[in-house]
Protein chains: 2
Amino acid sequence: MEELKKRILLVEDDPNFGTVLKDYLMMNDYEVTHAKNGMEGFEKFKKDDFDLCILDVMMPYKDGFTLAKEIREKNSDVPIIFLTAKTMKEDVLKGYKVGADDYLNKPFDSEVLLMKIKAIIQRKATETISDSKQFEFKIGKFDLNSKLRFLRFNGGEPVKLSPKENELLRLLALHENDLMPRELALTKIWRDDNYFTSRSMDVYIAKLRKYLKPDPKVEILNIHGEGFRLVVNE
Amino acid sequence: MEELKKRILLVEDDPNFGTVLKDYLMMNDYEVTHAKNGMEGFEKFKKDDFDLCILDVMMPYKDGFTLAKEIREKNSDVPIIFLTAKTMKEDVLKGYKVGADDYLNKPFDSEVLLMKIKAIIQRKATETISDSKQFEFKIGKFDLNSKLRFLRFNGGEPVKLSPKENELLRLLALHENDLMPRELALTKIWRDDNYFTSRSMDVYIAKLRKYLKPDPKVEILNIHGEGFRLVVNE
DNA sequence: CATTTTTGTTAACGTTAGGTTAAAAGCCCT
DNA sequence: AGGGCTTTTAACCTAACGTTAACAAAAATG
């Protein structure tokens with residue numbers, strides 16, 4: 001149950017309302033990041049992967065639409081829900097133009113918001129991921145299929161990878177021959193950087209090394225205090 | 001540039017409002033069929049293929065929800081927009097349960113309706129590419145006829161499949177050799193994603209595995225926490 | 001060169017997801 | 001209302017996963 005919480009970026013400048021809404025969403029099993037304005041919202045958006053963004057339209061410095069546009073430029077897929085203070089037609093239309101998935105007029109019913117969130121996230125889930133390229137890697141004589149979570153050596157029998165093994169190896173592969181910082185894996189995969197998650201990660205590195213043993217040209221090197229490096233020799 | 005007009009089924013008992021709305025939609029390049037009540041709505045629905053249904057909730061004889069349920073039984077894919085007279089939370093929630101794509105409170109802004117229609121139809125269009133109208137599959141030595149709901153091994157006696165068995169196998173076949181996410185089956189077939197529907201799905205997987213046993217090259221693999229994969233070896 | 005910190009590795013443990021079968025509940029059709 | 005089919009729920013069991021502990025080795029520190 002702990003594992004697959006959906007992540008929501010909530011950008012709302014009203015501190016009271018924002019906090020209450022955040023707590024409400026968290027009570028309903030979402031992982032919520034709360035940003036107090038558009039600027040901060042974009043920073044947090046860049047740092048993490050979210051399943052949904054809830055943006056207040058009326059905000060100082062950077063309004064919700066502008067933020068949405070920036071988000072769309074970076075990642076065209078994240079669903080966006082706008083919160084508008086009043087029923088302004090122009091706002092609604094503008095919202096849809098930017099690529100909103102829905103909008104809600106304040107004040108709104110919290111249960112309705114929940115339903116919308118659920119519906120939208122489910123919708124996204126049913127859209128089949130077709131660009132398999134991003135999930136396939138060649139690592140020496142290995143083929144990593146990160147979507148189907150298996151690792152094959154030399155075209156032989158594939159070995160199944162657990163979610164964490166898979167994610168970690170994928171991150172390493174993305175940085176092949178380059179440093180993959182500890183912190184990166186911990187924040188992206190474990191979503192927490194502390195002593196225990198760090199040790200856990202070391203355990204997984206050991207597992208991966210075992211898997212990769214068949215090809216002596218492939219190894220995972222440690223860079224003390226920094227992270228790891230997946231190298232393919234020659 | 002003679003494009004195919006999108007077809008909308010409008011079910012609305014108020015004759016004035018219904019006619020105006022129909023004309024408005026037609027002016028915006030939709031082909032509209034107007035039914036005056038739920039009964040008539042279902043008749044017309046059965047006769048034709050529509051890209052979208054707009055249903056009034058409050059109607060004599062057969063309300064919008066009941067109609068929606070019937071429509072869903074016949075064709076689980078058509079997008080549905082509900083028109084509700086007032087903001088009744090229960091209505092909204094009920095709507096989403098039936099699988100509504102959106103709802104609008106009367107009175108609503110006509111431009112907003114247009115935007116929603118456009119957004120929804122577009123969404124459906126991109127979605128439909130993958131699970132296009134396909135009802136016959138070859139799965140190893142099996143033939144699946146998803147319309148007639150039977151599965152035949154090696155040209156022998158066909159086995160009858162129950163609706164759920166059929167739908168599930170069809171979804172797996174559509175994603176042959178690829179991941180068929182749990183979530184996808186649960187939302188598309190069971191329309192709800194919880195512990196019990198999930199367990200129910202596992203039961204069906206077991207049933208399908210039994211059916212598929214005759215061909216050792218065909219198997220349904222599990223990808224822990226993600227879903228299932230129908231593979232045909234070699 | 002002794003000490004602290006970081007990493008390597010293995011094993012044990014608790015928890016959750018999935019496999020399977022059977023019984024119960026729901027439906028439909030007379 | 002009863003019989004046949006479908007679907008859900010329950011129960012029990014195994015497999016898969018991730019975390020933590022424990023101990024060893026390596027690297028940095030000073």
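Computed over heavy atoms, backbone and side chain alike; hydrogens, waters and symmetry mates excluded. Chain naming here is simple, since letters A, B, ... match the order of the sequence lines and numbering starts at 1 in each.
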Interatomic distance, [X] [atom1] vs [N] [atom2] [rounded to whole Å]:
X: A:Asn222; N: D:dA28; atom1: CG; atom2: C1'; value: 12 Å
X: B:Ile220; N: C:dG19; atom1: CD1; atom2: P; value: 9 Å
X: B:Tyr211; N: C:dT20; atom1: OH; atom2: P; value: 15 Å
X: B:Leu221; N: D:dA15; atom1: CG; atom2: P; value: 16 Å
X: A:Arg149; N: D:dA15; atom1: CZ; atom2: C1'; value: 13 Å
X: B:Glu226; N: C:dG18; atom1: CD; atom2: C1'; value: 14 Å
X: A:Arg182; N: C:dT6; atom1: CZ; atom2: P; value: 9 Å
X: A:Asp193; N: D:dT19; atom1: CG; atom2: C1'; value: 16 Å

Along DNA chain D (nearest heavy atom to each residue), the more 5'-positioned of A:Glu165 and A:Arg199: A:Glu165
Contact nearer the 5' end of DNA chain D, comparing B:Ile223 with B:Tyr204: B:Tyr204
Would you classify [X] as touching base, sugar-phosphate or nothing, given that sugar-phosphate means primed atoms plus P, OP1 and OP2, and contacts are heavy atoms under 4.0 Å?
X: B:Ser162; answer: sugar-phosphate
X: B:Tyr195; answer: nothing
X: A:Lys160; answer: nothing
X: A:Asp202; answer: base

Side chain of [X] - closest among [options]:
X: B:Arg209; options: D:dT20, C:dG19, D:dT7; value: C:dG19
X: B:Lys164; options: D:dT19, D:dT7, C:dG8; value: D:dT7
X: A:Phe196; options: D:dG18, C:dG8, D:dT20; value: D:dT20

Test item: side-chain donor near acceptor, A:Arg7 and A:Thr33, under 3.5 Å: no
Residue pair B:Ser146 / B:Asn166, side-chain donor-acceptor N/O under 3.5 Å: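 A donor-acceptor contact under 3.5 Å links the two side chains.
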Closest-nucleotide 5' rank along DNA chain C - winner of A:Lys207 and B:Phe228: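 The residue mapped nearer the 5' terminus is A:Lys207.
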Test item: A:Arg72 side-chain N/O and A:Val78 main-chain N/O as donor-acceptor pair under 3.5 Å: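 The answer is yes, because a donor-acceptor pair under 3.5 Å joins these two groups.
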Side-chain N,O (B:Trp190) to OP1/OP2 (D:dT7) below 4.0 Å: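 No, no such contact exists.
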D:dT19 OP1/OP2 closer than 4.0 Å to side-chain N/O of A:Ser200: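 Answer yes for this pair, as a side-chain N or O of A:Ser200 is under 4.0 Å from OP1 or OP2.
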From A:Glu219 atom CD to A:Leu212 atom CG, the distance as rounded to the nearest 0.5 Å: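 One gets 10.0 Å once the value is rounded to the nearest 0.5 Å.
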Heavy atoms of other groups near A:Lys141 NZ, more than 12 under 6.0 Å: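 No - once you tally the heavy atoms of other residues, nucleotides and ligands closer than 6.0 Å, there are 12 at most.
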